[in-house]
Amino acid sequence: MKYWLMKSEPTDYSIDDLEQDGFIDWYGIRNYQARNFMRDQMSIDDLAFFYHSNCKEPGIVGVMKVCKLAYPDKLQFQSGHKYHDPKSDPNNPRWVNVDMAFVKKTRLLSLNEIRTYPELETLKILQRGNRLSITPLSEFEWDFINKKLAT
DNA sequence: GCCAACGTTGGC
DNA sequence: GCCAACGTTGGC
């Protein structure tokens with residue numbers, strides 16, 4: 001069992017959208033490191049925090065879990081689409097997504113609040129210049145955040 | 001909208 | 001394989 005933090009811009013796809021849909025193909029990842037996490041390291045039932053980024057109140061807003069292992073992201077082959085990648089070979093697709101299932105909403109644990117906890121200094125999203133939209137969390141980080149979310 | 005910090009691209 | 005130019009991310 002692994003733990004993840006996955007960013008999405010709420011104007012693109014929010015925790016409310018996921019609650020409505022039940023699950024979502026985590027589309028549009030076009031970064032090799034993030035892709036490799038999905039392709040090589042994610043397992044069914046891995047848990048992830050849903051993080052709202054690039055918005056007024058960035059932070060953790062919910063929990064979800066992996067419900068389908070990595071498979072080719074169909075948008076990479078859709079000509080004209082924002083996520084179209086003409087260099088991706090259909091016989092050897094470059095980009096994948098996993099399916100994520102809604103688990104629950106949480107209170108907002110804002111980026112500002114996250115920064116106030118010395119225990120979370122090691123969080124990948126707090127490291128200088130880190131822009132990865134998918135990052136792993138240690139079990140300690142996961143548990144610590146869950147406790148904060150419960151209060 | 002700004003811009004720092006990265007990742008990617010492509011000429012050489 | 002170097003590296004300058006360009007594109008993207010994401011907090012502010």
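In this text, all values refer to a predicted model and were calculated from it rather than measured experimentally. By convention in this document, chain letters (A, B, ...) are assigned in the order of the sequence lines, proteins followed by strands, and residues within each chain are numbered from 1.
For Asp12(A) and dT9(C), the CG to P distance is 11 Å, given to the nearest whole Å. Between the NZ atom of Lys124(A) and the C1' atom of dG10(C) there is a distance of 19 Å, given to the nearest Å. When rounded to the nearest whole Å, the span between OH of Tyr83(A) and C1' of dT9(C) equals 11 Å. Between the C1' atom of dT9(C) and the NE2 atom of His52(A) lies a distance of 17 Å, rounded to the nearest Å.
For the ring pair (Phe, Tyr, Trp, His ring centres under 6.0 Å) with Trp4(A), the lone residue among Trp26(A), Phe49(A), Trp142(A), Phe37(A) that qualifies is Phe37(A).
A close approach under 4.0 Å does not occur between any side-chain nitrogen or oxygen of Lys7(A) and OP1 or OP2 of dT9(C).
No hydrogens or angles considered: a donor-acceptor pair under 3.5 Å links the side chains of Gln76(A) and Ser88(A). No donor-acceptor contact under 3.5 angstrom links the side chains of Tyr83(A) and Asp73(A), judged on distance only.
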ring-ring contact (aromatic ring centres under 6.0 Å, His included) evaluation trace for Phe23(A) with Phe102(A): CA-CA 6 Å; Phe23(A) 71 97; Phe102(A) 178 79; over 10 Å; no
Can you give me the N/O atom pairs linking the protein to nucleotides 5-8 of chain B at distances under 3.5 Å, or say none if there are none?
unit_1, atom_1, unit_2, atom_2, d
dA5(B), N3, Arg131(A), NH1, 3.4
dC6(B), OP1, Arg128(A), O, 2.8
dC6(B), O2, Arg131(A), NH1, 2.8
dC6(B), O2, Arg131(A), NH2, 2.7
dG7(B), O4', Arg131(A), NH2, 3.3

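Phe77(A) pairs by the ring pair (Phe, Tyr, Trp, His ring centres under 6.0 Å) definition with nothing, not counting sequence neighbours.
Residue pairs meeting the salt bridge (Lys or Arg N to Asp or Glu O under 4.0 Å) criterion with at least one partner in residues 93-109 of chain A, sequence neighbours excluded, are Asp16(A)-Lys105(A), Glu19(A)-Lys105(A), Asp85(A)-Arg94(A), Arg107(A)-Glu113(A).
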